[in-house]
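For reference, the structure discussed in these notes is given below.
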There are 2 protein chains.
Amino acid sequence: MGEQAKTTRQQQREATRARILEAAVRAFTDKGFHGASTRDIARLAGTNQGLITYHFSSKEALWRAAADALFADLELRLREKLENVSTRDPREYAREIIREYVRFSAARPELFRLMVDEGKVADERLNWLVDKHIKSRFDALAPELSKIAGLDGELLPHAFYALAGAASLIFAVAPECRRLTGLDPARAAAVEAHADFVANLMLPSR
Amino acid sequence: MGEQAKTTRQQQREATRARILEAAVRAFTDKGFHGASTRDIARLAGTNQGLITYHFSSKEALWRAAADALFADLELRLREKLENVSTRDPREYAREIIREYVRFSAARPELFRLMVDEGKVADERLNWLVDKHIKSRFDALAPELSKIAGLDGELLPHAFYALAGAASLIFAVAPECRRLTGLDPARAAAVEAHADFVANLMLPSR
DNA sequence: TTTTTCGCTTGTCAATCGAATAATTAAATG
DNA sequence: CATTTAATTATTCGATTGACAAGCGAAAAA
């Protein structure tokens, strides 16, 4: 039977750590850093507040771990797609990247919520986010996409934020969308419709 | 001399009320409803916390007053523009409305911040926002614009949120944009560039 | 089995929260 | 001037915040 029931101790540790982390992602992106209490997070994770200090030492550190997890999800998703694109045409290639980013925003609206929350005020958390996670991805991805779209360099920031906003907002405010329009943007058909809409917006076919 | 120096009493009352209200708009849209404390707001307004209870009776009521003020700003801005459009061509007319909405988002990024903050969780504040402020504007404006753009009715929510996100995000996260790209989106030239970019995105000329 | 380790629970701390009340001060009124 | 009114300030309340310390109890090691 080899290694059937592994280290029950370390397994349990990792499981609770993961539960706290996912609860933190939810709470931070729902109520913002100040609005989410460590006791809320603990209750969401089914444990107590002391465990948060034990596993993550501070609320700030827990927030950084939550942000790391969200960007890791994005990285995984895009890397996987970048390797398995069906087309070779650069324009259709870029359109598929955009579509996949829309699908990610639907599956993990928390990342966009976090970026809007923290992008509003110039503090240490924003500096950490930009320097550790955003800057490198922007520098790597944006020039390539702008070349495909035939963009003037000065318009690059405008295209970047227009794309991010157009792709993600509807999923970030899904409860509002449901109440306002009756459409549930999380449904698979709606996700694909939005992916096509945004791809056509940014890179119209021919 | 008639009513030269009016009621100094009521004038002072209105002035402090306005100062508290503007501080509330700033604080609520910076840190979210839970993250902004009434003491923060009072200090921002140059007064003490007791005055908030006196003028607005509760934090909830103050938040609603702040939201009312933001939507009043939007209403004023768009109404003024709707009456003074230079063109009669429906497409160019719609493009100019979009441009003006972008300019408003640059001048008052707080409205978009509030809508993202509150659109994330289905609670009473969201219901109040949608029912009192958003629903009527959406129903009045969206069908007209979608007719001009030649949109399928099913795509209306997608176009609505894509437009809102593309138009407003860059200004809502201006501090992030500055650190990431070096561009200050609040500068007049950048505002006009973004207005043109979004107008061309949603309604390409010819 | 005995001992050690460590994931976890509980309780406590000063600080801060929203709200209410009492006290103060200056303008409006007679 | 004296009196009333009301805008503002100061104080206080119970509840909640993040962080920390002490101890528990079962798994791991001896």
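Quick note: numbers below take in every heavy atom, side chains included, and nothing from hydrogens, waters or symmetry partners. Chain letters run A, B, ... following the sequence lines, proteins first and then strands; every chain starts at 1.
Mapping Arg39(A) and Gly46(A) onto DNA chain C by nearest heavy atom places Gly46(A) at the nucleotide closer to the 5' end. Two residues, Asp40(A) and Arg17(B), neighbour DNA chain D, and the one matched to the more 5' nucleotide by heavy-atom proximity is Arg17(B).
Surrounding CD of Glu154(A) are at most 12 heavy atoms belonging to other residues, nucleotides or ligands under 6.0 Å away. The local environment of CZ in Arg178(B) is crowded, with over 12 non-hydrogen atoms from other residues, nucleotides or ligands closer than 6.0 Å. Counting non-hydrogen atoms of other residues, nucleotides and ligands closer than 6.0 Å to NZ of Lys147(B) gives a total of 12 or fewer. Residue-environment remark: CD (Glu144(A)) stays at or below the threshold of 12 foreign heavy atoms within 6.0 Å. Atom CZ of Arg137(A) has more than 12 neighbouring heavy atoms from other residues, nucleotides or ligands inside a 6.0 Å radius.
Whole-Å rounding puts the Ile20(B) CD1 to dT9(D) C1' distance at 12 Å. A straight line from CD of Gln12(B) to P of dA26(C) spans 12 Å, rounded to a whole angstrom. In this structure, CD of Glu14(B) is placed 10 Å from P of dT8(D), rounded to the nearest angstrom. Rounded to whole Å, atom P of dT5(C) lies 16 Å from atom CZ of Arg13(A).
Interface residues of residues 24-37 of chain A facing DNA chain D, ordered by number: Ala36(A), Ser37(A); criterion, heavy-atom separation under 4.0 Å. A heavy-atom distance below 4.0 Å to DNA chain D is reached by these residues of residues 51-65 of chain A, ordered by number: Ser58(A), Lys59(A).
The aromatic rings of Phe28(A) and Phe33(A) lie parallel to each other, with less than 30° between the two planes, well short of the 60° mark. Between His158(B) and His194(A), the ring planes lie tilted relative to each other; the angle falls in the 30° to 60° range.
Side-chain atoms of Gln49(B) lie closest to dG18(C) of the nucleotides dA19(D), dG18(C), dC6(C). Of the candidates dT10(C), dA28(D), dG18(D), dT10(C) carries the atom nearest the Asn48(A) side chain, counting heavy atoms from C-beta on.
In this structure His55(A) satisfies the ring pair (Phe, Tyr, Trp, His ring centres under 6.0 Å) test with no other residue, sequence neighbours excluded.
You'll find the ring centres of Phe112(A) and Phe171(A) outside the 6.0 Å limit.
Dashed line: the shortest gap from a side-chain N or O of Thr16(B) to OP1 or OP2 of dT8(D) is under 4.0 Å. Within the 4.0 Å cut-off from OP1 or OP2 of dA27(D), not a single side-chain nitrogen or oxygen of Thr8(A) is found.
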